[in-house]
Amino acid sequence: MPHRIEVALKPHIPDSHGIKTARRSREDLGLDVSAIRTIHGYLIDLELSDTQLKAFAEGPLSDPVTQTASVNEPMALNLLRDSVFPWDWLVEVGFRPGVTDNEGRIAKEALELVLGCRLETGAGVYTSTLYCIMGDLNRDQIEALAGRLLANDLIQRTSIVTGNELEGIWSGDSNTFYSVPRVEGDAAVRIQEIDLAPLKDEELQALSRERVLVLNLNEMNVLRRHISRPDIIAERKKVGLSGRYTDVELEALAQTWSEHCKHKIFNAVIHYRNDETGTEETIESLFDTYIRRGTAEIRSRLGDDDWCLSVFKDNAGVIRFNRRYDVAFKVETHNSPSALDPYGGALTGIVGVNRDPFGTGMGARLAFNTNVFCFGPPDYNKPLPEGLMHPKRIFEGVREGVEHGGNQSGIPTVNGSLLFDTRYLGKPLVFCGTGGIMPREICRRPGYTKQARPGDAIVMCGGRIGKDGIHGATFSSEELHEGSPATAVQIGDPITQKKMTDFLLRARDLCLYNSITDNGAGGLSSSVGEMAEESGGFELHLDRAPLKYAGLQPWEILVSEAQERMTVAVPPEKLEQFLNLAEKMDVEASVLGNFTNSGKFHCMYNGKTVAYLDMDFVHNGVPTLELHARWSPPRFEELVIPEPEDPGDLLKKMLSRYNICSKEYIVRQYDHEVQGGSVVKPLTGARDDGPSDAAVLRPDLESFEGLVVAHGICPRYSDIDTYHMVCCAVDEAVRNAIASGGSLDRMAGLDNFCWCDPVESEKTPDGQYKLAQLVRANQALYEICTTYSVPCISGKDSMKNDATIGGVKISIPPTLLFSVISWIPDVRLAVTMDAKSKGDLVYVLGTTYPELGASEYYALHGFTGNSVPRVRIDQALSRYRCLARAIRQGLLASCHDCSDGGLGVALAETAFSGGLGMDIDLDAVPAEGIERFDTLLFSESQSRFVVTVRKENRKSFEEIMGGTGWALAGKVTDRTELVVRHGGRTAIKEDIYDLKDWWKRPLAW
Amino acid sequence: MTPQVRVIVTTGYGTNCEIETAHACRLAGADHVDIVHLSDLLDGTVRLGDYHFLNLPGGFLDGDNLGAAQAGAHRLRNARIADSKERLMDQLLGFVENGGLVLGVCNGFQLMVKTGLLPGFGGNYENRMVSLTYNDSGKFEDRWVTCTASPDSPCIFTRGIGKIELPVRHGEGKFVTLDSSVLDRLTDEKLIALQYVSPETVSPTQDYPYNPNGSDLAVAGICDPSGRLMGLMPHPEAFHHRTNHPQWTRRKLPEEGAGLVFFRNAVDYIRQNLS
């Protein structure tokens, strides 16, 4: 018989979680909820004495100062009986079997200390939250509350009762509050063999679909041809296999050949036709042609000064940082899982990308996180397609997931963005990035290299394997549909991971392993498979892998994406020391086999071979796609509105657009200064609330050298032309970094493409256009990166960001996130964006053109237009070089990049962040072809800045900037007013605190 | 030969401010600073008795599951040193008895109140009288606050501090007591070493966000009656250099971060009192 302990805050302590939940019930769901109090439930699946239960309840589970605990007694009934809190409904939310329950795991460890012994796998503590809800709600409403706010049916179970019902349940024979969510199931192991030989084309496709292999017909045929080769069959017979694939092999191949892992679209042969120019060309791999080649050209130009160390080949890109350290940086997306379970998906996203730099070279110590989220509008009020969550719920879930993942891991979140567009309703984009530093030399080898050797043990460290995350790699290569498997959802466990990284960094410095990589998409199949390329093969015993619960089939063990695991190659002579250290530091480490040089991908289960494939076939056998792309530029209606009568009012409206307004709500909830190296924080200025352009940090506290981290993203421009979208995204990232003190002398980029499916098919009739958008995006990336000399060092693509729900297809706008990392020789040279003091001169750098196409200003009026901003790359380059020099000489008081909302927004932000006014004469600003004030004010022309300079630096500053297109446009005042003159009259005169209030209000939740 | 000041900074199980804490101790003049994983204490490799000053840094012990530092405090009270009957807590009590200094920041403060190390009324260091619970805002928040130190508190760490700005970064920092008598006793014994104040009036405040969590009596940190044990929610180690301050590009600040004073006071005290 299990036991149940409940813990609640004492009545006089405010239940802030309950209060917040009640508020959201009212505000987000419009339900008449007057108050909520929460209770924690712990279900203990173990025989315990009363004394033990009491010690457990009153020891680790409750705080005697703030909480009370009950043992096998329903605390909610006491609340009713004592009239402490006369609730109307009780909703209990617990996890479904097999879902990661971090609190349950910690409670179990605490129980082990109470009992003084280790508990076996299986015996466990399961947690739940009980919401005691006061409010005038009927059953339908309470169910809506449970389903739309309190619980996610995919991973959680709920029970809803009234007081009478609760009393009945507790006095009855079968108390449902004692039902343990244990994983039950058939533990029998079966290896299935699949004979592809007799299958017809349709049957091959059906097999791919039913097993969620997500392989196309051509790929299935390659698989069939391969296994029918007599030499292959003969070899397989020697290890007890036949001319049929085992399920283990088929799953491993599907995983390795997935779009997610093989980037088949980026490596495809593309026939590209441009109707605008009437040209046609064939591109052999976008990746090789535009991305890899661009980086190679920049590196060869750098020659002996090449500071790129490891690009595109490892889990993260690595560049030189300082005399002691190199820096690794990677950005990933976790879109599909975040659509299904925003909290778990995003949490897994952040702790997952942490493992990329951690698994690069010999391993990096993690120094910073970045996050960019794209959601539907939080106030979306039209009916949602069945199966989609409301964007605000996704927002809150993702925010909290990343909060828990980043904060608990002790990694500062230094930089990020939030974007809103209705097309992200179907799939939110959740970009998570992590950078880390590694010693330049580890165990007398460059830290960024690694080499598993034949004979090294395959050791898996960290978490255990469960069914969670099975088919993650293949699933993310597919669009969402109603039957998407719940096993694709996982919940990360930052503390298990933190314990593991603490241990592995120590093992690294003791030279206890030769190679390391993370278990992310594709699980062991991917991690061991990739490391085995270093040695030339492997032999893996799947039965030796530690499981969360019985009942996993061998193929599931191989491809499970259960989190918090790293695989390392440990030389035999170091194995004992490695395992002893793991045990001491409370980290599970299991020897699963050996790396070999056999050339084989070899898996066994209980001594029997269950997979035997050529490494070469697994890694290089996937056939190249051949695709068609065709570009013809779209034409949109031009905006026709009269010139605004009250530009000040318009500026306020612009400042409170979701894409422009303050993101302080989310920024404050992320720790952005842990590790003590924060220099330019995400919020800055006189009241710590101005929007910084980039982060500056000092990852090595022994040195004043720093990193500048920034990004650019502008998906709206894709509506007109993805070529310009990419140029603008890269330019935005670069100018953000320059504005804060970065330099083009050492700046590297990461390209993260999130696209809608660009492969023409019945479901995607406009595939050729979408693919042309991808081609143009890559052409732009090559052009601008090589001109700026910003090499891409790593990247990722996520190509199926569509959702078909209830017959409605929602595709995201093609989105590129471009992240940059740059080096600053002394962080004390960094500049922030806020106006500093009265009398400082205000300059506008860069020319404004009539470029309102797909701007925030046009979006405000519901138009797209056609005049998309274009980057004049050469002009921008000389401006950036001059500006960086001026900053290095300490000549700037403030520097702010001009992006969404143009000059108007940048001027307002500079003023109100500094708590100072500004007098600006816009007639002085460099402009070409501008006829209207609103165009001048809100045009989103690229490569511009608003900067302030102390009077005494005027001459030096102007000399350095030379002929790069700038103007002295006014000065900083202490009148707390933004005054903008145009055409000889005062066009705007607004109080800066009023402007700031408009800017802060939209997301001040 | 001048006596060597030896400092230990613990880590492991979710602690994450150990590097900057150790850095702050070195900048403050400590001669020997070790970052020690709890497992090295638990297997007897390292003993607290070899040090003068114990730092319990911030972080998320066990992910703050079961409540901030609840599981961590439970481990400290129950886990035994390998091959002995000695609890880690016994070693810690011995360290305190022998005149050691303990500074708990954020999660370290939570750990100190949840083991009973603070407030340590009458020298009883295992009695839980106060706690740190969920912020009134219901949110984890990273923001800089202004605090003042009580000049008549016995606290060693806050000596000479008038007003100081530091960051808070927590979701569970609201200081509460078992009952009002505990609060009275803290006041009477002058154990409220640090309070959140309004930057304008420089007096203790209950107003958000100056008091970021709704702490009773605006308590930001307390000490034990000996003054050698202190816990606080703000992070002094996160202000070790002027560039840590969110407004360093606007103000003239001394090169050294103001937060170092806590560590310098500790190091100076040890140097003066070393036999």
Side-chain angles (χ1 to χ4, degrees), chain A residues 9 13-17 19-20 59-61 63-67 102-103 105-107 109-110 113-114 403-404 407-410 493-495 498-499 502 506 584-586 668-681 683-686 688 698 701 827-828 830-832 834 836 914, chain B residues 11-17 19-21 23-24 37 39-40 42-43 58-60 62-67 70-71 73-75 77-79 113-114 128-131 133-144 167 169 176-178 214 235 237-238 240-241 243-244 246-250:
Chain A
L9 287 166
I13 305 272
D15 179 353
S16 53
H17 180 53
I19 293 167
K20 197 158 105 178
L61 293 192
D63 177 342
V65 179
T66 60
Q67 294 172 316
N102 288 324
E103 189 166 20
R105 183 180 56 73
I106 296 292
E109 288 174 16
L113 276 173
V114 171
E403 176 198 324
H404 288 177
N407 292 357
Q408 293 186 16
S409 306
D493 175 359
I495 293 307
K498 178 85 174 127
K499 283 162 71 178
D502 284 351
R506 193 191 272 203
K584 163 175 160 160
M585 294 180 77
D586 209 2
R668 285 246 177 267
Q669 296 186 68
Y670 295 157
D671 187 332
H672 46 256
E673 45 196 327
V674 62
Q675 300 192 12
S678 143
V679 173
V680 173
K681 303 178 201 300
L683 297 168
T684 191
D688 301 349
R698 193 149 68 104
L701 296 177
V827 294
R828 290 168 290 197
V831 174
T832 54
D834 46 314
K836 298 296 186 303
Chain B
T11 188
Y13 294 90
T15 292
N16 59 36
C17 298
I19 292 177
E20 62 269 38
T21 303
H23 181 69
H37 195 274
S39 64
D40 292 316
L42 285 170
D43 79 347
F60 284 83
D62 307 280
D64 278 359
N65 288 299
L66 314 182
Q70 272 281 123
H74 177 67
R75 183 183 300 107
R77 284 198 308 268
N78 291 278
V113 303
K114 294 193 181 191
R128 295 173 69 168
M129 312 287 282
V130 305
S131 192
T133 187
Y134 304 97
N135 296 353
D136 278 350
S137 67
K139 290 188 280 214
F140 175 101
E141 284 194 322
D142 179 336
R143 63 166 72 246
W144 280 60
R169 313 191 308 248
V176 291
T177 57
L178 192 58
H235 287 265
E237 82 289 353
H240 56 77
H241 186 260
T243 54
N244 292 133
Q247 294 176 23
W248 71 272
T249 59
R250 307 181 60 82

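Predicted, not measured: the structure shown is a model, and the values here were computed from it.
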Given A/Lys836, A/Lys584, A/Lys498, A/His404, the one with more heavy-atom pairs under 4.5 angstrom with chain B than any other is A/Lys584
Any idea which heavy atoms bring A/Pro494 and A/Asn102 closest together, and the distance?
CD-ND2, 4.4 Å
A/Lys20 portion near chain B, given a 4.5 angstrom heavy-atom threshold
side chain
With under 30° as parallel and over 60° as perpendicular, where do the rings of B/Tyr13 and B/His37 fit, or are they tilted in between?
tilted
Interchain contact, A/Glu673 with chain B, by part (heavy-atom threshold 4.5 Å):
both
I'd like to know if the side chain of A/Gln408 and the backbone of B/Gly14 have a donor-acceptor N/O pair within less than 3.5 Å.
no
Structural part of A/His17 lying under 4.5 Å from a heavy atom of chain B:
neither
Count the heavy-atom pairs under 4.5 Å between each of B/His240, B/Met129, B/Arg128 and chain A, then report the option with the highest count.
B/Arg128
Between B/Arg75, B/Lys139, B/Lys114, which has the largest tally of heavy atom pairs under 4.5 Å with chain A?
B/Lys139
For chain B, find which of A/Lys681, A/Glu403, A/Arg698 contributes the most heavy-atom pairs closer than 4.5 angstrom.
A/Lys681
Between B/Ser131 and B/Thr133, is there a donor-acceptor pair closer than 3.5 Å when you use the side chain of the first and the backbone of the second?
no
Applying a strict 4.5 Å limit to non-hydrogen atoms, the region of B/Asp43 in contact with chain A is side chain
With a 4.5 angstrom heavy-atom cut-off, which part of A/Lys499 approaches chain B: side chain, backbone, both or neither?
side chain
Counting heavy-atom pairs closer than 4.5 Å to chain B, which one of A/Val831, A/Leu701, A/Thr832 comes out on top?
A/Leu701
Among B/Arg143, B/Arg169, B/Gln247, B/Arg77, which has the most heavy-atom pairs under 4.5 Å with chain A?
B/Arg169
Test your reading of the model: is there a side-chain donor-acceptor pair from B/Thr243 to the backbone of A/Val679, 3.5 Å cut-off?
no
Is A/Arg105 in contact with chain B via its backbone, its side chain, both, or neither, using a 4.5 Å heavy-atom distance?
neither
Side chain from CB out, backbone as N, CA, C, O: work out which of these in A/Pro14 comes under 4.5 Å of a heavy atom of chain B, or both, or neither.
side chain
Over all heavy atoms of both residues, which pair between A/Val827 and B/Trp248 is shortest? Give the atoms and the distance, please.
O-CH2, 3.5 Å
I need the residue from B/Leu178, B/Asp62, B/Ile19 with the largest number of non-hydrogen atom pairs under 4.5 Å to chain A.
B/Asp62
Could you look at B/Asp40 and say if it's the side chain, the backbone, both or neither that has a heavy atom under 4.5 Å from chain A?
both
Counting N and O atoms only, with roles assigned by atom type, does the side chain of A/Glu103 sit under 3.5 Å from a partner on the main chain of B/Leu66, one being a donor and the other an acceptor?
yes
Please state whether the side chain, the backbone, both or neither of B/Val130 comes within less than 4.5 Å of a heavy atom of chain A.
backbone
Taking every non-hydrogen atom, the tightest pair across B/Asn244 and A/Gly676:
ND2-O, 3.1 Å
Between A/Asp834 and A/Ala686, what is the shortest heavy-atom contact and its length?
OD2-N, 4.3 Å
A/Asp502, part contacting chain B, at a heavy-atom distance under 4.5 Å
side chain
Backbone of A/Val65 reached by a side-chain donor or acceptor of A/Asp63 within 3.5 Å
yes
Examine whether an atom of A/Ile19 lies under 4.5 Å from a heavy atom of chain B, and if so say whether it belongs to the side chain, the backbone or both; otherwise answer neither.
neither
Checking heavy atoms, do the side chain of B/Thr21, its backbone, both or neither come under 4.5 Å from chain A?
neither
Step-by-step side chain to side chain contact (heavy atoms under 4.5 Å, CB included) determination, B/His241 to B/His23:
CA-CA 11 Å; B/His241 186 260; B/His23 181 69; over 6 Å; no
Heavy-atom proximity to chain B below 4.5 Å, by part of A/Asp493:
neither
Contact winner vs chain A - B/Ala238, B/Gly59, B/Gly63, B/Ala24, heavy-atom pairs under 4.5 Å
B/Gly63
Here the pair of heavy atoms bringing B/Tyr134 nearest to A/Ser16 is CB-OG, 3.2 Å
Has the side chain of A/Asp671 got a donor or acceptor atom that lies under 3.5 Å from a matching backbone atom of A/Asn407?
no
Is it the backbone or the side chain of B/Thr249 that comes under 4.5 Å from a heavy atom of chain A, or both, or neither?
both
Looking only at B/Thr177, B/Asp64, B/Asn65, most heavy-atom pairs under 4.5 Å shared with chain A are made by B/Asn65
